[in-house]
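Here is the naming used below: chain letters follow the sequence lines, and residue numbers restart at 1 for every chain. These numbers come from the heavy atoms of this one structure, side chains and all, not from hydrogens, waters or symmetry mates.
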Number of protein chains: 2
Amino acid sequence: MPSQRLLYLSGVSPFRRPKGTSSHTDGITVNKTTQTVESAAVGGVFHIEDVYPLIDGGRFPVKRIAGERVEVWADIYRDGHDVVSAALVWRRERDREWRREPMTHHSNDRWGGSFVPDQPGRYVYALEAWTDEFATWRRGFELKQKAGADVTLDAIEGAGMLTKALAGGQAATTVILKRCEDFLQTGEPAPLLSDELKHAMAVSQPRPDLTRSRLFPLMADRPRARNGAWYEMVPRSQAKTPGQHGTFRDCIARLPDIAGMGFDVVYLTPIHPIGRTNRKGRNNAVTAAEGDPGSPYAIGSSEGGHDAVHPELGTLQDFRDFIAACKQHEMEVALDFAVQCAPDHPWLKQHPQWFRRRPDGSMRYAENPPKKYEDIVNPDFSSEDAGALWNALRDVVLFWIDQGVNIFRVDNPHTKPFRFWEWLIHEIQIRHPDTIFLAEAFTRPKLMKGLAKLGFTQSYTYFTWRTHKWELEQYLIELTAYPERDFYRPNFFVNTPDILPFHLQTGETWMFKSRVALAATLSSTYGIYNGFELLEHEPIPGREEYLDSEKYEIKVRDWDKPGNIKPYIRDLNRVRRENAALQQISNLRFVPIDDGNVTGFVKESVDQTNSVAVAIALSSDVHEFWFPLGDFQVGPTGDRRHVAAVENLITGERYPVEWGGIRLRIDPARDPALLFRCLA
Amino acid sequence: MPSQRLLYLSGVSPFRRPKGTSSHTDGITVNKTTQTVESAAVGGVFHIEDVYPLIDGGRFPVKRIAGERVEVWADIYRDGHDVVSAALVWRRERDREWRREPMTHHSNDRWGGSFVPDQPGRYVYALEAWTDEFATWRRGFELKQKAGADVTLDAIEGAGMLTKALAGGQAATTVILKRCEDFLQTGEPAPLLSDELKHAMAVSQPRPDLTRSRLFPLMADRPRARNGAWYEMVPRSQAKTPGQHGTFRDCIARLPDIAGMGFDVVYLTPIHPIGRTNRKGRNNAVTAAEGDPGSPYAIGSSEGGHDAVHPELGTLQDFRDFIAACKQHEMEVALDFAVQCAPDHPWLKQHPQWFRRRPDGSMRYAENPPKKYEDIVNPDFSSEDAGALWNALRDVVLFWIDQGVNIFRVDNPHTKPFRFWEWLIHEIQIRHPDTIFLAEAFTRPKLMKGLAKLGFTQSYTYFTWRTHKWELEQYLIELTAYPERDFYRPNFFVNTPDILPFHLQTGETWMFKSRVALAATLSSTYGIYNGFELLEHEPIPGREEYLDSEKYEIKVRDWDKPGNIKPYIRDLNRVRRENAALQQISNLRFVPIDDGNVTGFVKESVDQTNSVAVAIALSSDVHEFWFPLGDFQVGPTGDRRHVAAVENLITGERYPVEWGGIRLRIDPARDPALLFRCLA
């Protein structure tokens, strides 16, 4: 459309201004290179407002899953009463060509449209609105004609519009020329009023007042970003002989067990060489004893840094073999990305300018006064050479991607600059849109949300400590409400190497089962840290930390220890895989259960073919309660029906739904959770 | 602060990038002059989010009253645990110098601050955040000292920070030098920990990570923008002899009557020469009879256009005399600004390119198919010469401002381009910040709100047709909620020359009183169109329009006609003037009245010295009901007390509040409204 001029809401004037016409910024000092008074910008013909979905006015990308439809809504209006058209335009961020979907007016100037980002990646979308001048003419013509007015001139005006049509392709042009000719030959307006011409003109006529909104970002992730069961393990603890350092070969030997439990992601704590200088001893002792392996988070030694493998684990090829073995078991590998360095990390010699020293020339170790972490130094993100540091860290991630890793669990991202993460994640995802970043930030709510907004695919949560019904439900409602649900993807870990919550410290089977059932059904992504399945629960007294933490020593476990809940976890993961409803989180809807220690909820899959109802006990006593299903319908749109029966997803038993619900009984000693499929 | 570098949220990289460092836009096609992928912009060190107040993310200005404090809130956070400082910076849009107010952290990373825009005008404000590095050092130092650690190096580091302090003025520099010297002489850290030094460093140290939000616009209006009683009149109908064309002298003679009723603004329908071509006759007849005066909205004739005065009204000097006379009565004049032209408006000859013609060369009259308005042509805002039209229209407004007019009621703004109004209002208000624009748009909700957002000071409303309790309360709650209350200032007209609503057509006194009491107390700005006080109510049968509308003929009325409600209006306006609580609208709080035909509410003034309770009957029967005041407190912050008594603002009678409320009786035949002052 050669005559089409794009107008931007905060953009240029809609027509050529004659000389001597002052613009709105007349007399106002505005430095265009640094800041503009945005409010005063003369907008386009249309107001495009209240756009959905949107994170912080479009500052941050909305997160969705590739292949799923994205609905977009906006208020779109202009002055007067002309016929308005609108379109949703979208493209991958790196592409030049826009794709285009029509938008439909619903009511009260609210318009809707949708598109499907088919591949994972960064997208942008925008809204366009323009006046359909021919349709406006036609509507007026028909009203006048109906009122018996003389429409001779109006017909000529309508025909005149045909001559200005310039785009729209061959078919439309043919229609327009034909109707124009028909009118000229007969003088009768009928040819101008055909629907065929209306459509041809809708795509062909100039759009001089086309207004485009600003661009809104969207990240379409692969499904694993939203759905997955994670198994965290410390690779050096996977040997079978006490005192022996585990290897990637030992890890490979463990995979059938992990895959047997139904996990999707095997997440390894850092696999890099561990520093020797100021190495920590067992239970975080300030000095290490002979043979103590040190913390894997003290990264780097003379044997290499972030792009090296700890020699005792094996070679880089062994690691690649491990990835391949995981793949055979249909599992992925997640690596830990921890930015800190041990004092003997190669970077301290290669790039001394990245590290700060004290007035006496000594190294500045990490600290959180009065605590000191002498086995770690943090690179200085504000050094004059930090640009090179940013690039080096990006190259570390690219290196592991080259080895086949697509998931990174990022250690303590909240203590590094936000703009670094925003840059890093963008740098990686424009090259490798499959890459998933999990933010391990246990900190203040706004910071955790801020990291999610700026690009982290998933985030750790407060779930680990939430045990009461009210706080669980309140927290889940917060996470699944808009806009949180569009940027914050929770990964519910029941425990971590750093966190043994108080409620697990008594080691009761029902509580371990209840916690893993909550994590696995409330959230579509969850994780356990190994040992959980064995009910490990010995704390440092009075603290929510493991005694004899394997962060500082090598463990060897009996993975088939009596009393383990591996079959229970296997069942949960099977149910998750078989029920698409559980592969989402924002579809969560709590139901009112008249028992303060039972939480109940329903979930339905995007395609409406699968609906699941869940009840989980939060205390050890036997619960009998009513599970209302009366206001819940299932099945495809147009044929929604009330739930007629439920089927127990573990036992296969079916129960009819009568009087709008079902009476349930939970004995946590047997199973604290009931999982049902809802049947129409 | 020479070393201070301002970082913008959507701005530049925080440090110099070394060569070869790719930026985040690497490989993405971005045309900087037209659009940027804003989401991908690397931000500053701080996230500054969820700013209050804000209209559409800062696209449109917040409206407030000059002299009143503006509270600003935002989430402000950065990575890590350093001590953060924040400031609110603000200035008039045209000024270069920022003014600065400290912000305070409340909880959960929420910060607050405030400023007072002292003069009417356009302002911008922004939020700044930076790390207080010295305070961070001091906090760590004290924690280490308390833990008994060796702090020798820490003290040297703290002292080293003193040498980098560069700004803050003489006093701060003196303190810093002194403390530095004390430390160097003694080696003791105590001088570094003095509060005096803490404050000196807070203002003096570099702020390398200073992050500034984008700029947010605010319009501070004069008080009349929010509060005023309007009296609309047609100047040619102010003569005393039937058939005689009224003049500005006649209008002046009417002022004691209008001022006596307590009005603040006298609003005149257009005062310009009226076209002769296609002039409309009485009752909107297509052809005028001999002597018919035509509609004042058909502006322009050989005698002049928008900057001329209709000769039969008098001279421009007469109009200026009228303004002066209003001023003596402490009233202002509002003029009608109607963009359309009569076919004999001088612009049609001077600027033929501003008007569209039909294929046969004839003039294109205004139309809303199938309706035609042959006495009017609309200038074409999309003509190639429209820039000159914009300027000419601006100059019309400037012309009347030069004559002393500061209030413009704009006719049908929703049928002209939004960007024109946004430009025009800005153009005028940067020169004359006292100017008030009232949007006469009776159209769809989004358009009415859109016009308010883009700059109209006040707006007409649906109040004119809202009669039921539920719809009145729902509408008022909508208008007084955030963000509407920060951009939409309602002007409640009970009638207009175009609208005689059905509920007034029976002419019942109680209904006229109820309507004007509702308008005058619910809204701080309201208006009547003359004749209302005389209970004029003759409609065109079946329509909400006046029969024999004075839009098309000259009227002469007996302004003291028996049965008039002038004393009632006078009382209402006196109560409004005496009670600051009624000079606002967003302070409205409905109370639950157990009568479906009585609405009750309370209002309190900004300074908390005045509180008013109002009950108004919406039906003619006698009402007895309970007015609850139990959860309502009055008086200054820190000494708030429950309402102990109320005083009738008309009769002066006092009643004690007992059992948390008061029993009231309304006999609409006497007075449908009860107005009370609340006493502590």
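Options B:Ala126, B:Pro359, B:Ala147 differ in how many heavy-atom pairs under 4.5 Å they form with chain A, and the most are formed by B:Pro359. Ranking A:His414, A:Glu367, A:Lys372, A:Arg358 against chain B, the residue ahead of the rest is A:Arg358, based on heavy-atom pairs under 4.5 Å. For the options B:Thr443, B:Leu143, B:Asp109, heavy-atom pairs under 4.5 Å to chain A are most numerous at B:Asp109. Contact count against chain A (heavy-atom pairs under 4.5 Å) is highest for B:Pro369 among B:Pro369, B:Ser362, B:Ala441, B:Gly160. Ranking B:Asp154, B:Asp82, B:Ile55 against chain A, the residue ahead of the rest is B:Asp154, based on heavy-atom pairs under 4.5 Å. Most heavy-atom pairs under 4.5 Å with chain B, from the set A:Arg139, A:Lys453, A:Gln145, A:Lys146: that is A:Lys453.
In this structure, the portions of B:Asn108 lying under 4.5 Å from any heavy atom of chain A include both its backbone and its side chain. If you measure heavy-atom distances from B:Asp360 to chain A, the contacts under 4.5 Å come from both the backbone and the side chain. Interface remark: B:Glu142 contributes no atoms to any contact with chain A (heavy atom separation under 4.5 Å). Contact annotation for B:Leu454: only side-chain heavy atoms (C-beta onward) come within less than 4.5 Å of a heavy atom of chain A. In this structure, the portion of B:Arg364 lying under 4.5 Å from any heavy atom of chain A is its side chain and not its backbone. There is no contact between B:Asp50 and chain A, counting heavy-atom distances below 4.5 Å. For a residue to count as touching a neighbouring chain, one of its non-hydrogen atoms must lie under 4.5 Å from one of that chain's; by this rule B:Lys371 does not touch chain A. Residue contact with chain A, scored on non-hydrogen atoms closer than 4.5 Å, involves the side chain of B:Arg444 exclusively. With a 4.5 Å cut-off on non-hydrogen atoms, B:Thr152 does not touch chain A at all. Proximity to chain B is absent for every atom of A:Leu424, based on heavy atoms less than 4.5 angstrom apart. Of the atoms belonging to B:Lys416, it is backbone heavy atoms, and not side-chain ones, that fall under 4.5 Å from chain A.
Taking 4.5 Å as the limit, some side-chain heavy atom of B:Thr415 sits within range of a side-chain heavy atom of A:His81. Here the side chains of B:Arg59 and A:Glu49 are not in contact, with every heavy-atom distance at 4.5 Å or above.
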Please walk me through it: do A:Asp79 and B:Leu447 pass side-chain contact (heavy atoms from CB on, under 4.5 Å)? CA-CA 7 Å; A:Asp79 58 286; B:Leu447 273 74; 5.7 Å; no
I would like to know whether A:Tyr77 and B:Phe418 meet ring pair (Phe, Tyr, Trp, His ring centres under 6.0 Å); could you show each step before the answer? CA-CA 10 Å; A:Tyr77 57 92; B:Phe418 295 143; 5.6 Å; yes
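Under the 30°/60° scheme for interplanar angles, the aromatic rings of B:His47 and A:Phe60 are found to be tilted.
Considering CG of A:Asp56 and CG of B:Asp75, their distance stands at 9.0 Å, rounded to 0.5 Å.
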